Number of protein chains: 2
Amino acid sequence: MTTIKDVAKKAGVSVATVSRFLNNSGYVSTEAAQAVTVAVEELKYELNPIARSLNTKKSNLIGLILPDITNPFFPELARAVEDVALTYGYTVVLCNSDEDPEKEKNYIETLKKKYIAGFIVTSNQLDAPHYANANVPIVALDRTINEKIPTVSSNNKEGAIMGTNALLERGCKHILFLRGPEKLNPANDRYEGFMEAIQRSNVRYQVVTCPFHFADSQKIVECILQENPLIDGIFASSDVSAAGALKAAGTAGKHVPDELQIVGFDGVAMGAMLSPGLTTVAQDVYKMGAVATRVLIKRIENKKIEQNFYEVPVKLVIRGTTRSVVE
Amino acid sequence: MTTIKDVAKKAGVSVATVSRFLNNSGYVSTEAAQAVTVAVEELKYELNPIARSLNTKKSNLIGLILPDITNPFFPELARAVEDVALTYGYTVVLCNSDEDPEKEKNYIETLKKKYIAGFIVTSNQLDAPHYANANVPIVALDRTINEKIPTVSSNNKEGAIMGTNALLERGCKHILFLRGPEKLNPANDRYEGFMEAIQRSNVRYQVVTCPFHFADSQKIVECILQENPLIDGIFASSDVSAAGALKAAGTAGKHVPDELQIVGFDGVAMGAMLSPGLTTVAQDVYKMGAVATRVLIKRIENKKIEQNFYEVPVKLVIRGTTRSVVE
DNA sequence: CTGAAAGCGCTTACAG
DNA sequence: CTGAAAGCGCTTACAG
């Protein structure tokens, strides 16, 4: 392994000069710079990041803390984070927290020992004070930890209004809203949006809380459909729930979209694979991840960030679980 | 930050002794050990892994190189890797390669500079010699790099035989096999299995190569179904392709499973969400990841590993795209 | 069984 | 503009 010492010797300067040149810190004469450049080139020298970290107490590792990469929402997020991290020379450490504050804390602690540069955190159970005091740059997704920590999320409320209106415009007269877990911020925002839109109409509706879980959603919807044959529209707070609803419609013998229209939320790839294809309010998950990462890197590099709250717009994707708009 | 020096001072011994004790290397008297234990406890000392790495040229980072975490096959794999890595005190760095050998090399090089402990590699375009010479522990998934590098994969051929037989036993008389990309080892193994099973029967069949891509598969199957109305069974080499086939069956007006039966391969969660639920040859992806990680850690820790090839059994999951067995 | 010392490969005041 | 030197927090021969 060739070290900074080798470079210094070859260039005929001191290691301090080489270091200064490499880090673009302090003055280096043109000749010295030239000599170092040549030496680096010839020796194919590459700086040892570990040795650097030990001094600077910084690394180029970014921790991505999420509940479970297995949840279809997260892979794309992770992908975005990694893509932009790579662009800026950072590497990402994957941390599945299972929403367990202990696991989160553990990760934060172990990674801080490695001088992690910062964290992107997606979680709903997160131990807010712990993060607030972590003393390391953080960006939160979908949940505000405090005013000082930048947050990026979808405009969930807007999206829910769009989704509700989609059903309304298509003639639904009795809408079932599948509300997500009440401790999830985004789920609550979606609920708010639904309520706002539905109450502006004079359409009947009912709300049931339902986990973001396929089989559970299916069961719940099956029951409700049996009790309420009049339901002709379902707005699910997630695509997975919507998939459960669609399956339930099948077993209940309700034709989709003729007798029952369904709208999901998320925009996960699976939606297109269903039959009929799932109409959904699609989040731009990739963009969320990308924005979060850029903001984090700005914080890491002590650059000013314009705002502390970033909202990524959501988009209605019309597929086969809804009919055409009623004029 | 409390350092080993602080501990040494408090315990009244030298840093060398503390280090020896902490690493369980070399002799340490019972008294010294006792004193160090107390000091560590009182100071809440935690070893600095970066400083250690600089000396030992080792870290507890594991690199997970995969084509794209967004592909539904990989999140579960990543999850497994992270779970067992955590158990053994390792942390995982996520690397999306897009099957690009350059990106792979880059990751290997940058992570080696960080003294990465080892790699788990899933890729099909991988630059075999580069890996073979990487001079760092590696475990490969689904592809043999060379005899010295341990490999774990599903028993794809067996699985394909099972899948084919499932269709045969259920009375299919004309089977379409959706073969995967020819440069993918697992896809070829599945093809082999199909051929072996189908040729033992006297059933008609045809094979078409088809990417592991939903919309493409749908299109291809739509065409073929039109040309060959006699096809009454489809065995797809992946669940995504199977989903495409199922969709195609819908647009072609073929009832599944009455007129057309479909079997997929992979066992991805999405399969259960389709209507009807997808019958499939399920891989135990989590197990593959777990096995790979354990083997890697053994290699890292210079423990003997029993074998260089691990095959994880596959399992037939019967759902709604197939009928009951013909007696 | 133990400690002084060198070394891992860098960065950073400091003096010049 | 530059270099000698101390230091980041550990590990590891080596001598005792």
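From a predicted model like this one, the values you see are computed outputs, not experimental measurements. The sequence lines fix the lettering, A, B, ..., with proteins before strands; numbering per chain opens at 1.
Listed candidates were C:dG9, C:dC10, D:dC10. Nearest to the side chain of B:L54 is C:dG9. Side-chain proximity of B:R52 to D:dT11, D:dG3, D:dG9: nearest is D:dT11. Of the candidate nucleotides C:dC10, D:dT12, C:dT12, D:dT12 has the atom lying nearest to any side-chain atom of B:T56. Relative to the side chain of B:V15, the nucleotides D:dA4, C:dA5, C:dT2 differ in distance, and C:dA5 lies closest. Picking from C:dT11, C:dG3, C:dG9 the nucleotide with the shortest atom distance to the side chain of A:N23 gives C:dT11. Of the candidate nucleotides C:dA4, D:dT2, D:dG9, D:dT2 has the atom lying nearest to any side-chain atom of A:V28.
The existence of a salt bridge linking A:K298 and A:E306 is confirmed by a sub-4.0 Å separation between a basic side-chain nitrogen and an acidic carboxylate oxygen. Salt-bridge check for A:R79 with A:D83: passed, with a basic side-chain N closer than 4.0 Å to an acidic carboxylate O.
When each of B:T151, B:V139, B:I305, B:L141 is tested with B:Y310 by the rule side chain to side chain contact (heavy atoms under 4.5 Å, CB included), just one qualifies, namely B:I305.
Residue A:N55 is the one, among A:N55 and A:R20, whose nearest nucleotide of DNA chain C lies closer to the 5' end (criterion: closest heavy atom). The residue among B:A51 and B:A16 whose nearest nucleotide of DNA chain C is located toward the 5' end is B:A16.
Residue contacts for A:I50: at a heavy-atom cut-off of 4.0 Å it reaches no nucleic acid atom on any strand shown.
Side chains of B:E311 and B:N155: no donor on one and acceptor on the other come within 3.5 Å.
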